[in-house]
Amino acid sequence: MRLRFAPSPTGAIHIGSVRTILYNYLFARQRGGVLILRIEDTDQDRLVAGAIDSIYDGLHWVGISWNEGPHEGGPHAPYVQSERLALYQEHAQELIDKGAAYYCFCSKERLAALRAEQEARHEITRYDRHCRNIPPAEAAERAKAEPHVIRLKVPDEGVLSIEDLVHGHIEWQANTLEDQVLLKSDGFPTYHLAVVVDDHVMGITHIMRGEEWVASVPKHLLIYRAFGWEAPPMAHFPSVLGPDGKRLSKRHGSTAVSQFRDDGYLPEALINYLALLGWSPGTEDEIFSMDDLIRVWKIEQVQSAGGKWDKDRLDYFNGVWIRKLSVDELVRRLEPFVPAEWDRAVLKKIAPHIQERLKTLKDAKDQIRFLFTDDIGYESKLLIPKKSDQITTAEALAHSRAVLAEVEPFTSALIRPALESLAEQLSWSRGDLNGAIRMAITGRKVGPPLYESLEVLGKEKSLKRIEKAQELLVGGPD
RNA sequence: GGCCCGUUCGUCUAGUGGCCUAGGAUGCAGCCCUCUCAAGGCUGAGAUCAGCGGUUCGAAUCCGCUACGGGCUACCA
């Protein structure tokens, strides 16, 4: 069993492609199959520098690996189509020799004019087979000097069909097809020729790709037939859609995998979410690791309709996976998201207290900044609880400072009762007292639990910040 | 225009003729817990299963038509 992923190096790997690749991966891994990464770069105009590296980065980051590919090598190397041109040219020639394909010398101008005429007459736009009847010997002679493409001779009638693993039976009438180009004038194959030749030569046993390819299946079937090969089973997975219902693309915002990494998403969460976009276990379970997926994913449960990208749901899965991390692991994942100069020992102490408050790893920085800098500017009026005033708040803070100064050791377990009884003494609610102190030490209204925050901040800094808050209040309004 | 695919709560989905007065999740609202925010627990609103016709004792589930959405229709993939 051999499966392939065949991205084009037209940029960073796209989230929709990852979903398709994931399904290929799961299918192969659960059956002990071999996975192949093949780069389909037959369009020289659309190449983007560094794209292959970013495909490697993106796929490795989400935890997808493969057996044969451009860097891995393998029995069918090279795995980059632009390095296999001779193979396609030989195969195109074979079809010419068999009489299954022909040289076409029509210029792009003639083709454009033809199309314009057909459109004007409201006819179907397709190639008119102008060069199909040039005697083979004459055509071969002209081909030595004139620019040309090679086209497939499409039959006038007949039915082409597949039993798609997702959609079931699909069929087409051959007479709705045109004589497609197999080899372009620059000597490069079209996608259609290259994919059929490579899938056959590389021994691909299952073709699984996005739904946008179903329309070209009959073309491929005809090419298989022309070579006398058998087409392998196919599955066409539904598209990942943007909020407007159209296939997800760059214009819907960030769709590159690397963007999700940079935005603080866990690969576990992305994979979990993506797996469920188009597939369902049929049970009410929904939290799955890659290993779980390899066990439970079934192609029979793949949805036939496209699914819209839902960021809220991704965020939910990200939270779930963040909470599943051990503290050490969380600290490790947080590493790229906090400044290098922040003390990792402090980070580790606060990590368990922000863990359940993180939607993404990126959120951590703002929540714990107060531990690493004294620059926590805030407006003094924010210290004052509703129903209270400047003087009373200043007094409460003074008392807090005094009480906290007595706490030894300065741990949350001892801070708690101290502040609780102070609140009672002052006839303040804990919420109001803690809110004022929280503002004083963090400069924010919300944050990790107060007692733990004080402990991690340390006695000295905590007292100093409370003093500063008092001064702010006594000094009058900003 | 032609060919093909699709259509269950806003969103992701369960559902393969009776278990469906349609289940779960997310999001939303409320309550509980609570030092804030989260997390967690509970409750609620939210889908005439695109519409119509047919098959059947019985249809979200099978068939047909229509509508709507999407993909393809290149010497792009």
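Keep in mind that what you see is a predicted model, and the values were worked out from it rather than measured. Just so it is clear: chains get the letters A, B, ... in the order the sequence lines come, proteins before strands, and each one is counted from 1. Just so it is clear, the values below take in all heavy atoms, side chains as well, and ignore hydrogens, waters and symmetry mates.
In terms of phosphate contacts, Lys184(A) brings a side-chain nitrogen or oxygen within less than 4.0 Å of OP1 or OP2 of C76(B).
Using a 4.5 Å heavy-atom threshold, the side chains of Val195(A) and Arg38(A) count as touching.
As the counterpart of A25(B), U11(B) is assigned, both hydrogen-bonding distances of the Watson-Crick or G-U wobble pattern falling under 3.5 Å. The base-pairing partner of G46(B), taking Watson-Crick or G-U wobble contacts with both distances under 3.5 Å, does not exist among the strands shown. Using N1 to N3 plus N6-O4 or O6-N4 for Watson-Crick, or N1-O2 and O6-N3 for G-U wobble, each under 3.5 Å, G6(B) pairs with C68(B).
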Does the protein touch nucleotides 42-47 of chain B at the base, only the backbone, or not at all? Give it as B, S and - per nucleotide, heavy atoms under 4.0 Å. ------
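Looking at heavy-atom distances under 4.0 Å, Trp309(A) makes no contact with the nucleic acid at all. In this structure, Tyr273(A) reaches neither bases nor backbone, as no heavy-atom distance under 4.0 Å exists between it and the strands shown. Nucleic acid contact class of Glu123(A) (heavy atoms, under 4.0 Å, all strands): none. Looking at heavy-atom distances under 4.0 Å, Gln301(A) makes contact with sugar-phosphate atoms alone, never a base. Within 4.0 Å (heavy atoms only), Arg313(A) reaches at least one base atom of the nucleic acid. Base engagement by Val149(A) is indicated by at least one non-hydrogen atom pair under 4.0 Å involving a base atom. Contacts of Gly447(A) with the nucleic acid, taken as non-hydrogen atoms under 4.0 Å apart, include base atoms. Within 4.0 Å of Tyr191(A), counting heavy atoms only, lies at least one base atom of the nucleic acid. Using a 4.0 Å heavy-atom cutoff across all strands shown, Gly278(A) reaches sugar-phosphate atoms only and no base atom. In this structure, Pro448(A) reaches the bases: a heavy-atom distance under 4.0 Å links it to at least one base atom across the strands shown. Counting non-hydrogen atoms under 4.0 angstrom, Arg115(A) reaches the backbone sugars and phosphates but no base. Across all strands, Ser239(A) comes closer than 4.0 Å to no nucleic acid atom at all (heavy-atom distances). Heavy atoms of Arg151(A) sit under 4.0 angstrom from primed sugar atoms or phosphate atoms, though from no base atom. Using a 4.0 Å heavy-atom criterion, one finds that Gln367(A) contacts no nucleic acid atom at all.
Residues Phe260(A) and Trp309(A) place their aromatic rings such that the two centres sit under 6.0 Å apart. For an aromatic pair to be called close, the ring centres must be under 6.0 Å apart, and Trp321(A) with Tyr265(A) fails this. Residues Tyr79(A) and Trp66(A) keep their aromatic ring centres 6.0 Å or farther apart. Outside the 6.0 Å centre-distance limit, the rings of His167(A) and His236(A) are not counted as a close aromatic pair.
Taking the C1' atom of each, U8(B) and A22(B) are spaced 8 Å apart, rounded to whole Å. Comparing the C1' positions of A50(B) and C75(B) gives a spacing of 41 Å, expressed to the nearest Å. For G27(B) and A39(B), the P atoms lie 8 Å apart once the distance is rounded to whole Å. For the P atoms, the distance linking A59(B) with C68(B) amounts to 28 Å, nearest Å. A77(B) sits 47 Å from C37(B) when the C1' atoms are compared, rounded to a whole Å. Nucleotides G54(B) and U43(B) have their P atoms positioned 42 Å apart, rounded to a whole Å.
The residues Asp244(A) and Arg251(A) are annotated as salt-bridged, a charged nitrogen and a carboxylate oxygen being separated by less than 4.0 angstrom.
Comparing Arg323(A) and Lys445(A) by the nucleotide of RNA chain B that holds the closest heavy atom to each, the one mapping nearer the 5' end is Lys445(A). The 5' end of RNA chain B is approached more closely, in terms of each residue's nearest nucleotide, by Leu277(A) than by the other of Leu277(A) and Gly431(A).
Cation-pi geometry between Arg142(A) and Phe105(A) is met: under 6.0 angstrom from the ring centre, within 45 degrees of the axis. Stacking of Arg151(A) on the aromatic ring of Tyr127(A) is recorded, both the 6.0 Å distance cut-off and the 45° axial limit being met.
One can place CG of Asp285(A) at 14 Å from P of U26(B), the figure rounded to the nearest angstrom. The CG-P distance, from Asp363(A) to A38(B), rounds to 12 Å in whole Å. If you measure from atom CD of Glu146(A) to atom C1' of C75(B), you get 16 Å, rounded to the nearest angstrom. Rounded to whole Å, the distance from CZ on Phe105(A) to P on C75(B) is 16 Å. In this structure, Phe317(A) atom CZ and G27(B) atom P are separated by 10 Å, rounded to whole Å. Rounded to whole Å, atom P of U13(B) lies 16 Å from atom OH of Tyr316(A).
Of all the residues in residues 352-362 of chain A, Glu356(A), Arg357(A) reach under 4.0 Å from RNA chain B with at least one non-hydrogen atom.
Minimum atom distance to the side chain of Thr190(A) is reached by A77(B), of the listed G23(B), A25(B), A77(B). You'll find that the side chain of Arg247(A) is closest to G71(B), out of G71(B), C35(B), C75(B). Nearest to the side chain of Lys246(A), among G70(B), A77(B), C35(B), sits G70(B). Closest approach to the Asp310(A) side chain among G10(B), A14(B), C35(B) is made by G10(B) (side chain taken as heavy atoms from C-beta onward). Here U13(B) is the nucleotide among C35(B), U13(B), A77(B) with the atom lying nearest to any side-chain atom of Ser280(A).
The environment of Lys365(A) atom NZ is sparse: at most 12 non-hydrogen atoms of other residues, nucleotides or ligands sit within 6.0 angstrom.
Aromatic ring pairs are classed by plane angle as parallel below 30°, tilted from 30° to 60° and perpendicular above 60°; the pair Phe237(A) and Trp297(A) is perpendicular. Tyr273(A) and Phe317(A) have tilted rings, their planes meeting at an angle from 30° to 60° on a 0 to 90° scale.
Of the options Lys324(A), Arg323(A), Arg333(A), a salt bridge (charged side-chain N to carboxylate O under 4.0 Å, His left out) to Glu268(A) is made by Arg333(A) and by none of the others. Tested against Leu266(A), the residues Asn318(A), Val62(A), Thr360(A) include a single side-chain contact (heavy atoms from CB on, under 4.5 Å) partner, Asn318(A).
Judged by distance alone, with hydrogens and angles left aside, Arg444(A) brings no side-chain donor or acceptor close enough to the base of C37(B) to form a pair under 3.5 Å.
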Kindly give the atom pairs (protein nitrogen or oxygen, nucleotide nitrogen or oxygen) under 3.5 Å for nucleotides 2-5 of chain B.
residue : atom : partner   : partner atom : Å
C5(B)   : O3'  : His167(A) : ND1          : 3.0
C5(B)   : O2'  : Glu211(A) : OE2          : 3.0

Does Val201(A) form a side-chain contact (heavy atoms from CB on, under 4.5 Å) with Arg84(A)? I'd like the steps, not just the answer. CA-CA 12 Å; Val201(A) 166; Arg84(A) 303 165 62 79; 4.1 Å; yes
Quick one: do Ser453(A) and Ile441(A) satisfy side-chain contact (heavy atoms from CB on, under 4.5 Å)? Show the steps, please. CA-CA 9 Å; Ser453(A) 295; Ile441(A) 68 160; 4.2 Å; yes
Check against side-chain contact (heavy atoms from CB on, under 4.5 Å), Leu404(A) and Phe410(A): CA-CA 8 Å; Leu404(A) 287 171; Phe410(A) 200 65; 4.0 Å; yes
